[in-house]
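Heads up: the structure comes next, in structure tokens.
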Amino acid sequence: MNPPPLAQLSKRLKRRLRYGLLRLTAGLLSALPISCASALGARLGRLAPLLLPREFKKALASLSIAFPLHTQAHNKCLARACFVHLGRMACELACASQIDANPEAWVHWPPEARQVLEDARRLNRGVIFVSGHIGNWELLARRVAMEDIPCASIAKASSDPHTTRWIEAFRAKGKLLSIWRESPSAVRQMLQTLRNNGVLGLLIDQDTRVQSVFVPFFGKPAKTPRAAADLALRSQAPVVVGFCQRQPSGRYCLKMRRVYPPGPPTPSSLNPNPSPNTPPSPAEYREKAVLEFTASLSREIEAAIRETPEQWVWMHQRWKTPPG
């Protein structure tokens, strides 16, 4: 066989190097008490303007879109707080085994939030769990799965297969099944999770290369994955929106709210002046329902971000794809 081109070889070497550094760093952090690891992550996050200047500028650009009335100084403070939170979160995840040993001490699951999920599972149709990259989304799924509730999350595989396998093993230790959307068996695994009355997690707050619709996000149209709405309409599984947000004490807290999949929209809501000769087709009804339900889910995510704006990933270019 001919050797791979030099560019491909260089890319592979870079990926392996990143993977090795990631494993080494995680291993060193896991040996620390979680409070020390969290403090170290916060210190690293404060260096973001120096260590990650391009990402910091992206965060400022996103904040100026979401909060146009904020001063630049205020948005800079929010951007710095965002990176401090992400630094803490990443270093805390390296100590996940300490959290697993006493999950309630680190991630509080209030009775009212637990009741929301229990009520949804009583329908025996599975649960579509919608969230975003707010607070600690990894601990959100892990906390639920550690209660022996069948859980699976849909995610994009890393460009490096070694990293993908490592992430999959990390989640499996927390009893969480990873469904990689590139996998040929992804749809079958998703449907099987719902048939087993499991919880299927989807994060729909990013502009990614998946089937999407444009809905308002902080007052501006944003490309938003439609999978949650499509699944809800097809399966009639109950939908729960939830987040794992850091509290002032440093402890995380789960918040959950039940929402219902929409029924078919009425002709009048689809078209205020319908023509008797050209009634809306079933496909038009469905698209209207998907659009409206995705918009309502996006509003839930936006409300959670406004509650703790420093805990969202502002460096993500949420509005990079223009409508149309």
Side-chain angles (χ1 to χ4, degrees), residues 103-104 107-155 175-177 179 190-206 213 215-217 224-247 252-266 269 286 288-308 311-312:
E104 184 62 25
V107 186
H108 178 46
W109 192 355
E112 60 273 17
R114 189 184 294 267
Q115 191 66 47
V116 169
L117 191 59
E118 289 176 354
D119 289 346
R121 293 192 70 223
R122 283 196 183 97
L123 296 176
N124 205 34
R125 298 176 189 163
V127 177
I128 298 169
F129 197 105
V130 176
S131 189
H133 295 81
I134 307 164
N136 196 322
W137 54 94
E138 287 284 347
L139 284 186
L140 168 63
R142 199 177 187 94
R143 181 71 178 87
V144 175
M146 291 297 284
E147 297 288 329
D148 291 326
I149 297 173
C151 290
S153 65
I154 303 170
K175 302 183 179 181
L176 179 67
L177 172 67
I179 300 177
M190 292 160 59
L191 296 175
Q192 189 62 46
T193 299
L194 295 178
R195 290 193 195 104
N196 292 341
N197 200 26
V199 177
L200 182 65
L202 300 94
L203 305 179
I204 66 164
D205 63 333
Q206 292 196 345
V213 292
V215 299
F217 188 71
T224 305
R226 57 180 288 162
D230 277 325
L231 271 173
L233 282 166
R234 288 173 181 168
S235 67
Q236 286 301 297
V239 180
V240 171
V241 177
F243 309 98
C244 176
Q245 292 161 289
R246 190 189 301 276
Q247 304 302 299
Y252 289 99
C253 182
L254 300 191
K255 298 181 180 180
M256 299 180 185
R257 196 174 85 80
R258 169 83 176 274
V259 293
Y260 293 86
T266 62
S269 70
R286 183 178 183 80
K288 176 73 172 179
V290 167
L291 186 66
E292 290 182 350
F293 197 46
T294 303
S296 68
L297 294 173
S298 187
R299 284 194 296 271
E300 296 279 349
I301 294 172
E302 181 181 330
I305 295 172
R306 289 182 181 276
E307 185 181 345
T308 53
Q311 295 185 33
W312 193 62

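The basis for the numbers below is simple: all heavy atoms, side chains too, and nothing from hydrogens, waters or symmetry mates.
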Determine whether a donor-acceptor pair (N or O, by modelled atom type, separation under 3.5 Å) exists between the side chain of [X] and the backbone of [Y].
{"X": "Asp230", "Y": "Val290", "result": "no"}
{"X": "Gln311", "Y": "Gln245", "result": "no"}
{"X": "Ser131", "Y": "Leu203", "result": "no"}
{"X": "Ser296", "Y": "Phe293", "result": "yes"}

Note: Ile128 and Ser235 closest approach over all heavy atoms is CD1-OG, 4.0 Å
Residue pair Asp205 / Ile301: nearest heavy atoms and the distance that separates them: CB-CG2, 4.0 Å
Any chance you could lay out the side-chain contact (heavy atoms from CB on, under 4.5 Å) test for Glu307 and Ile134, step after step, and finish with the verdict? CA-CA 10 Å; Glu307 185 181 345; Ile134 307 164; over 6 Å; no
Taking C-beta and beyond as the side chain, do [X] and [Y] meet within less than 4.5 Å on heavy atoms?
{"X": "Ile179", "Y": "Leu200", "value": "yes"}
{"X": "Phe217", "Y": "Ile305", "value": "yes"}
{"X": "Arg234", "Y": "Arg286", "value": "yes"}
{"X": "Val130", "Y": "Glu300", "value": "no"}
{"X": "Leu117", "Y": "Ile149", "value": "yes"}

Got a second to check how far Met256's CE is from Leu140's CG, nearest 0.5 Å? 6.0 Å
Hey, is Glu138 close enough to Arg142 for a salt bridge, meaning N to O under 4.0 Å? no
For Leu291, enumerate each residue passing the side chain to side chain contact (heavy atoms under 4.5 Å, CB included) test, keeping only those at least two apart in sequence or located in another chain. Val213, Val215
Please list, chain by chain and in numerical order, all residues satisfying side chain to side chain contact (heavy atoms under 4.5 Å, CB included) with Pro238, sequence neighbours excluded. Ala120, Leu123, Arg125, Val127, Arg258
Could you walk me through whether Leu297 and Val239 pass side-chain contact (heavy atoms from CB on, under 4.5 Å), step by step? CA-CA 10 Å; Leu297 294 173; Val239 180; 4.1 Å; yes
